[in-house]
Amino acid sequence: MCCPIFSGVMFFNRWMSSWARASEDLFTDRNEINSETLSQAIRAAASEEPDADGSVLFGQLQGTVVGLRYYTGVVNQGEMVGLVREPQNPYDRNAVMVANIYGNQVGHIKRELAAAMAYVMDNKLAKVEGVVHYGTKNKFNMPVMLSFWGKEENKNTVVESMLRRGYKLNTGGIKSAEAFLCFQLKNAFDNLFEGLMESKDGEKEAAKSVATPLLLHQKQALSWMCSRENKCTLPPFWEKRGDLYYNTLTHFSAREVPERVRGGILADDMGLGKTLTTIALILTNFHNGKPLPVEMSVSVNNMKQCKCGEYTNQNASSITESPEDLSARTTLIICPLSVLSNWLDQFEQHVHANVKLNVYLYYGSERNRSKKFLSSQDVVITTYNVLSADFEVSRGSPLHGIHWLRVVLDEGHTIRNPNAQMSKAVLQLKAQRRWILSGTPIQNSVKDLWTLLAFLRLKPFDVREWWNRVIQRPAMQGDRAGLQNLQTLVKCITLRRTKTSEVNGRPLVSLPEKMVCVEQVELNQQEREEYELARNEGRSTIGRYVAEGTVLRNYADVLAILMRLRQHCCHPDLLAKISSDLGAAATPAELRERLVEKLRLVLASGSDEECSVCLDSVCLPVITHCAHVYCRPCIAKVISTQQGTARCPLCRSDIKETELVEVPLEEMEDESSTHAKKWRTSSKVQALMGNLLRLQSEDRSIKCLVVSQFTRFLSILETPLREHGFSFVRLDGTMSQKKRAQVIQDFQSSAANSPSIMLLSLKAGGVGLNLTAASHVFLMDPAWNPATEEQCIDRCHRLGQKRKVVVTKFIVKDSVEENMVRIQRKKQDLVEKAFGSANTDKKTSRIDDIKALLEL
DNA sequence: ACCGCCGGGTGCC
DNA sequence: ACCGCCGGGTGCC
């Protein structure tokens, strides 16, 4: 009865339930363990295993594992073991159990030592890890090397507490592990997915029910996905040695085949057709490698109702080492709300019209919660939010009660935080096969990967301890082998191609040509005068800061001055009346008000401000008293790491958590001021209108994107568009999902009366935004970050684009806009230098950089 | 015989 | 466990 998979799950479960530290009996008969405890245990493990960040090694100690003869768990030389407190043990409440990777109990820690360890473990003063270096063949007890890890501030307490009970931690020869912040290793991780691009062998034709012919690289992906689902290849780091299976990283071995991972990560760049490939997978690879049996309607070629590729049970020769539930039919797709409609469209588009595929949208208050109904569908689509809401409300969440054939996570990086409700809900779904679709599987650090691997049930790393010990901590500390292992791991389960990848020397997708041209705009006399006035004012302000040596403290002001110049280049009415400099603030309330105002200025302009800690666009923006903008979590991390002596990473001023200021929620952009005044034009507006009118006269079917970082500029542009009778829509970040979807659908429509222009805010919409109806892009103002512009252009220059794409960038001659790209590069250098060291002699060079940046 | 010594039973927590 | 420890049997050499 003990089939390999099953017993594996149960050992695993036993291990997990001990983690849960619940009152569950550790010695439960294996057969009684149900999936309910398993899921509880997974949740417990995810929340209880602390993040290994900033842990240092306190010391090591040779201990003894006793009672070996009572348990079945064996260990190999060099194997890692887990130490689990067992407060419910009837013989000793200090008991510490020793278990191997699969959770098979090996023995206990000797009583006296256990008493000393129990204090340290129960008070979470240290995490204790064990490795057995020798004596693995012993009958009664064996030595174990114990390593104590924890926060620096607990080191002395732990060392002394152990010493009091007669155990001396050996601290000699341990190099103190430095605390790393995640951004320092960002580059190493950026390269993690390199080298995954080589084409994996073979290609596979999709089932007949797929209407769209697959491109070569999509056939390759399909082939890879099918083999990941069907073949019994060993997971990474497992080898067969004799009749045992051996894990080369943990040195664990087992008689049973390690549970295979049926699925993986499809990490292709967006636009390569992850959605189509997944639809093809669903239709092509049902049980035993046969296509999904679907009904064909009677309509075309007097075809009878037939089962397209009905599956038989006999052709099991190649696979089925492990039995599977052949009655499972349904694929569950979970995606962010923003791409829900895209999935529905794509099913519509890519499945043959005469095929009856049951796709159910599990969404909205009227959703059908019947398990029987849901599990009879071919596909159920829902969102992360619906899934986690169901999960939270009741234990009887219908989606959690079904054994899915396959679960697909679209934009899978959504679950990178293991503590999020969403992630917990996703991890507990029951499925035979699991897939993650993501263009960006790693966003900031290796930590992002754990939930993904846990979802895939990649043994043994789905248990946080093994992940932390074997992969995350070594990688975070820059250990080469650690990074290498991480890469190997990822490589085995991931397929990633980028738009620039090639197959047989040919690009994966051939997109229509893209032409980028810069159109210089000359300011008229009045505009030029106003611009020069502002420029001189800014120059003198910055000159003063340079003289005072306070440039870095007034960093936000420097940016604000640049901002005003950029606004001048677009339209005079963009300039908000921003008064004052920071120095004049009299009261704390006033200072706060000023800071809020500055922050708002930086944010509302859509200037794509980057956080200097994570180097990404700021999320949850806060401003420091020295007026630098960061993500709240990033700067909070810096402050907590530096413990009371925290300094601003950009200007080294003292900063405190309590002094971080954010924009009050009710602050929304005030549109009324622009409408109050009488509308006027500008040189840039004229330049745009000239182009639009010319295009319209050439070809009425051409559609355009008009892009700006300033949403107020978009508002200004509405007036002349209306005047000339253009039909247009607008998409910006403030719009609800529903409105957005409507706007996109209208714009993408090829109907004769559909809008021909979309006013688009540069940062609006996620990466998935598909605007292929447009073939002309007008970038009204240059962005700090050229990548942002590229992304924006890619929204129409992507798979599905039929026309040649023409991009026009408007740049005002003799203005700050001409320097934007150079400034961007300088800014990046500046940030790097700021983080390079806290050394003061670097300060001068940074000020020089700013001077150069402003051509002073 | 309130000890020492012998040898069998026994053995995690 | 080819140990240590316990506790019963035993007792000059």
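Within every chain, numbering begins at 1; the chains are lettered A, B, ... in the order of the sequence lines, protein sequences first and strands thereafter. This structure is a prediction, so every number in the text was calculated from the model and none was measured.
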Inset, instruction - Take the protein atom CG of Asn89(A) and the nucleotide atom C1' of dC13(B), then report the distance between them rounded to whole Å. - result: 5 Å

Legend entry - Watson-Crick or G-U wobble partner of dA1(B), both distances under 3.5 Å: none

Inset, instruction - Enter syn or anti for the glycosidic conformation of dA1(B), syn applying to angles within 90° of 0. - result: syn

Inset, instruction - In whole angstrom, give me the gap between the P atoms of dG4(C) and dG9(C). - result: 26 Å

Inset, instruction - Provide, to the nearest angstrom, the distance between the CD atom belonging to Glu112(A) and the P atom belonging to dC12(B). - result: 13 Å

Legend entry - C1' atoms of dC13(C) and dC2(B), separation to the nearest Å: 25 Å

Inset, instruction - Using whole Å, report how far CG of Asn141(A) lies from P of dT10(B). - result: 20 Å

Inset, instruction - Identify whether NZ of Lys or CZ of Arg in Arg464(A) sits under 6.0 Å from the centre of the six-membered ring of Trp450(A) and within 45° of that ring's axis. - result: yes

Legend entry - Length of the OH-C1' vector between Tyr71(A) and dC12(B), whole Å: 6 Å

Legend entry - Distance, P atom - from dG11(B) to dC6(B), rounded to whole angstrom: 25 Å

Legend entry - Electrostatic pair Arg469(A)-Glu129(A), nearest N-O below 4.0 angstrom: yes

Inset, instruction - Describe the nucleic acid contact of Lys110(A) in one word from base, sugar-phosphate, nothing, applying a heavy-atom distance below 4.0 Å. - result: sugar-phosphate

Inset, instruction - Report yes or no: does Arg416(A) contribute a side-chain atom to a donor-acceptor pair with the main-chain N or O of Leu452(A) at less than 3.5 Å? - result: no

Legend entry - Nucleotide dA1(C), atom C1' - distance to CG of Asn138(A) in whole Å: 11 Å

Inset, instruction - Could you state the atom-to-atom distance from CG of Leu83(A) to C1' of dC13(B) in whole Å? - result: 14 Å

Inset, instruction - Verify the stacking flag for Phe140(A) against dG11(B): centroid separation must be under 5.5 angstrom and the ring planes must differ by under 30 degrees. - result: no

Legend entry - Main-chain N/O of His400(A) paired with Lys430(A) side-chain donor or acceptor, under 3.5 Å: yes

Inset, instruction - Determine the contact category for Ile109(A): base if any of its heavy atoms lies under 4.0 Å from a base atom, sugar-phosphate if only primed atoms, P, OP1 or OP2 are that close, otherwise nothing. - result: sugar-phosphate

Inset, instruction - Give the rounded distance in Å between these two atoms: CE of Met142(A) and P of dC12(B). - result: 15 Å

Legend entry - Complementary nucleotide for dC12(C) - Watson-Crick or wobble, under 3.5 Å: none

Legend entry - dC12(B) pyrimidine/purine six-ring stacking with Tyr91(A), under 5.5 Å and 30°: no

Inset, instruction - For atom CD of Glu112(A), decide whether the heavy atoms of other residues, nucleotides or ligands shown that lie under 6.0 angstrom number more than 12. - result: yes

Legend entry - dC13(B) base / Asp92(A) side chain donor-acceptor hit below 3.5 Å: no

Legend entry - For atom CZ of Arg111(A) and atom P of dC12(B), their distance in whole Å: 10 Å

